[in-house]
Amino acid sequence: MAALTALTQMSSGNPVFENFYRQVDPGNTGRVGPTEAALFLKKSGLPDITLGKIWDLADPDGKGYLDKQGFYVALRLVACAQSGQEVSMASLSLTVPPPKFKDTSSPSLSSTASAASELHWAVRPEEKSKFDGIFESLVPVNGLLSGEKVKPVLINSKLPLDVLGKVWDLSDIDKDGHLDKDEFAVAMHLVYRALEKEPVPALLPSSLIPPSKRKKSLGSVAGSAPGLPASPPPPKDSLRSTPSHGSMNSLNSTGSLSPKHTLKSGQHSVNWVVPVSDRGRYDDIFLKTDADLDGFVSGHEVKDIFMHSGLSQNLLAHIWALADTRQIGKLTREQFALAMHFIQQKVSKGIDPPQALTADMIPPSERGTPVPVRSHTHIRY
């Protein structure tokens with residue numbers, strides 16, 4: 001606490017720190033998202049593992065973004081690392097030179113004047129590789145995917161349809177009703193950020209526009225808007241737009257997945273046994289555990305988390321069988337939350353998991369769809 005107080009006193013009014021902060025939060029919203037912070041901090045030249053440690057220290061509460069003081073902590077820790085000091089809160093009170101970043105003279109991160117900024121893309125290489133694999137699996141025609149082919153992938157995220165409509169509109173950069181490989185990567189990136197509780201931006205940030213499309217698109221798409229997404233979540237009413245381009249309109253068509261059902265499943269207002277207060281925590285654990293970003297966690301991936309509870313393997317196997325409602329050997333985000341709820345109930349209150357799921361236990365996104373007759377599937381831990 002003393003270190004943080006000292007840092008605030010030291011950094012408040014510091015023109016160097018203020019200049020850096022204006023670059024990542026030009027609207028002075030008091031909030032810097034993980035994508036913007038990562039893009040900026042990477043310019044320090046520090047290894048990713050060091051930057052990851054810096055982020056954890058700057059965001060100790062796991063909010064998923066940095067406030068102004070958190071960003072100052074990150075800047076100070078970058079300076080410490082660049083000076084060969086230990087990356088820790090204790091180092092905040094050390095006297096070190098200001099942090100150094102490459103190409104930070106531009107007024108905002110949306111600058112495209114230099115070749116260096118042309119190469120920066122918020123979609124990380126490891127993400128792009130994963131998204132490219134999904135893109136190819138959907139059998140593109142002439143390098144393009146129609147809205148009809150993209151629809152199942154987007155709906156599988158369980159995000160509300162109005163949010164998915166915004167994702168489509170932002171991703172279809174050239175407005176031809178189809179997504180090429182880079183545009184699809186943008187769509188998937190936005191989906192995963194939305195699942196991490198980041199608001200979908202009103203305009204596509206320049207850092208998200210694929211380098212191949214920047215010269216012809218930056219002026220028309222991003223215009224003179226700051227190169228960072230708006231920080232505060234927009235009012236719910238402003239999200240009530242529907243997809244307007246190409247065959248993505250089929251998201252609103254009747255079929256096996258109706259818009260009404262999908263919207264309902266994507267919201268926390270549904271009566272569910274997993275408390276709303278716990279879902280964010282379980283979602284965070286899920287996102288960290290889903291290393292391959294496929295939207296599922298396997299028994300192998302959750303083994304350590306489950307075993308850490310101290311419950312018997314037989315009981316954990318039963319909880320897994322209850323949560324794996326589709327018997328596919330993997331858990332979705334909601335199914336994982338349900339399993340964690342059962343474990344928490346047993347550990348903290350001694351309440352045994354049920355023999356079968358009651359109506360209020362079924363994950364919201366699975367309601368109204370048939371559940372297969374259960375055959376005992378054993379997961380080894």
Side-chain angles (χ1 to χ4, degrees), residues 11 16-26 29 31-60 62-88 91-92 96-131 182 185-186 188-190 192-193 196 198 201 204-212 214 218 222 226-229 231 287-288 291 293:
S11 303
V16 176
F17 279 55
E18 288 290 336
N19 177 52
F20 287 149
Y21 186 76
R22 281 196 299 272
Q23 292 184 46
V24 293
D25 186 14
T29 63
R31 173 172 169 155
V32 181
T35 301
E36 292 72 49
L39 271 174
F40 186 87
L41 295 177
K42 273 182 177 292
K43 294 181 180 183
S44 67
L46 295 173
D48 285 349
I49 189 168
T50 302
L51 292 176
K53 188 174 182 180
I54 287 173
W55 175 273
D56 289 341
L57 291 171
D59 180 26
K63 298 188 297 290
Y65 64 89
L66 300 181
D67 55 22
K68 193 169 187 177
Q69 179 172 290
F71 185 70
Y72 280 173
V73 169
L75 291 179
R76 188 75 177 159
L77 291 173
V78 166
C80 291
Q82 290 177 335
S83 299
Q85 303 295 334
E86 181 187 3
V87 175
S88 69
S91 299
L92 291 177
V96 293
K100 296 180 177 62
F101 299 93
K102 301 171 186 173
D103 184 36
T104 57
S105 57
S106 57
S108 78
L109 294 181
S110 63
S111 171
T112 57
S114 70
S117 63
E118 279 288 316
L119 298 176
H120 280 300
W121 193 21
V123 179
R124 302 189 307 272
E126 59 268 27
E127 277 187 308
K128 184 64 163 63
S129 177
K130 173 67 178 176
F131 299 155
D182 285 347
V186 171
M188 295 303 294
H189 178 89
L190 288 170
Y192 276 103
R193 297 290 78 77
E196 292 177 359
E198 279 191 46
L204 192 65
S206 59
S207 60
L208 256 181
I209 297 176
S212 61
R214 289 185 183 179
L218 266 177
L228 304 171
S231 296
L287 289 166
K288 291 176 182 176
L293 300 176

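Here the structure is a predicted model, which means the values were calculated and not measured. Counting from 1, the numbers follow the sequence of the chain as shown. For the numbers below, each heavy atom of this structure counts, side chains included, while hydrogens, waters and symmetry mates do not.
- Comment: E196 does not engage K288 in a salt bridge, judged by the lack of any side-chain N to carboxylate O separation of less than 4.0 angstrom.
- Taking CG of D182 as the start and CD1 of I209 as the end, the distance is 12.0 Å to the nearest 0.5 Å.
- A pairwise comparison of heavy atoms in G33 and Y65 identifies CA-CB, 4.2 Å as the closest pair.
- With ring centers used as reference points, F40 lies under 6.0 Å from F71.
- What you find for A79 and P98 is that their closest heavy atoms are CB-C, 4.2 Å.
- The CZ atom of R124 sits 10.5 Å away from the CG atom of L39 when rounded to the nearest 0.5 Å.
- Panel note: side chain R193, backbone E198; no donor-acceptor pair is recorded below 3.5 Å.
- To the nearest 0.5 Å, the span separating NE2 on H189 from CG on L208 amounts to 4.5 Å.
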Next on the checklist: Between L51 and K42, is the side chain to side chain contact (heavy atoms under 4.5 Å, CB included) condition met? List the steps.
Outcome noted: CA-CA 8 Å; L51 292 176; K42 273 182 177 292; 4.0 Å; yes
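- Taken from CD in Q82 to CZ in F101, the straight-line distance is 6.5 Å, to the nearest 0.5 Å.
- Residues Y21 and V32 meet the side-chain proximity criterion, which asks for heavy atoms closer than 4.5 Å.
- Counting only heavy atoms from C-beta outward, the side chains of V96 and R76 approach each other to under 4.5 Å.
- Ion pair K68/D25 not flagged as a salt bridge, since none of the NZ, NE, NH1 or NH2 atoms sits closer than 4.0 Å to an Asp/Glu carboxylate oxygen.
- Side-chain atoms of S91 never come within 3.5 Å of backbone atoms of C80 as a donor-acceptor pair (strictly under, hydrogens ignored).
- What you find for P201 and L190 is that their closest heavy atoms are CD-CD2, 4.0 Å.
- The distance from the CZ atom of F20 to the CG atom of L41 is 10.5 Å, given to the nearest 0.5 Å.
- If you take CG on L75 and OG on S44, they are separated by 10.0 Å, rounding to the nearest 0.5 Å.
- Of the candidates V73, V87, I49, I54 forms a side-chain contact (heavy atoms from CB on, under 4.5 Å) with just one, namely V87.
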Next on the checklist: Working note: F131 + E126, criterion side chain to side chain contact (heavy atoms under 4.5 Å, CB included); need CA distance, chi angles, decisive distance, verdict.
Outcome noted: CA-CA 9 Å; F131 299 155; E126 59 268 27; over 6 Å; no
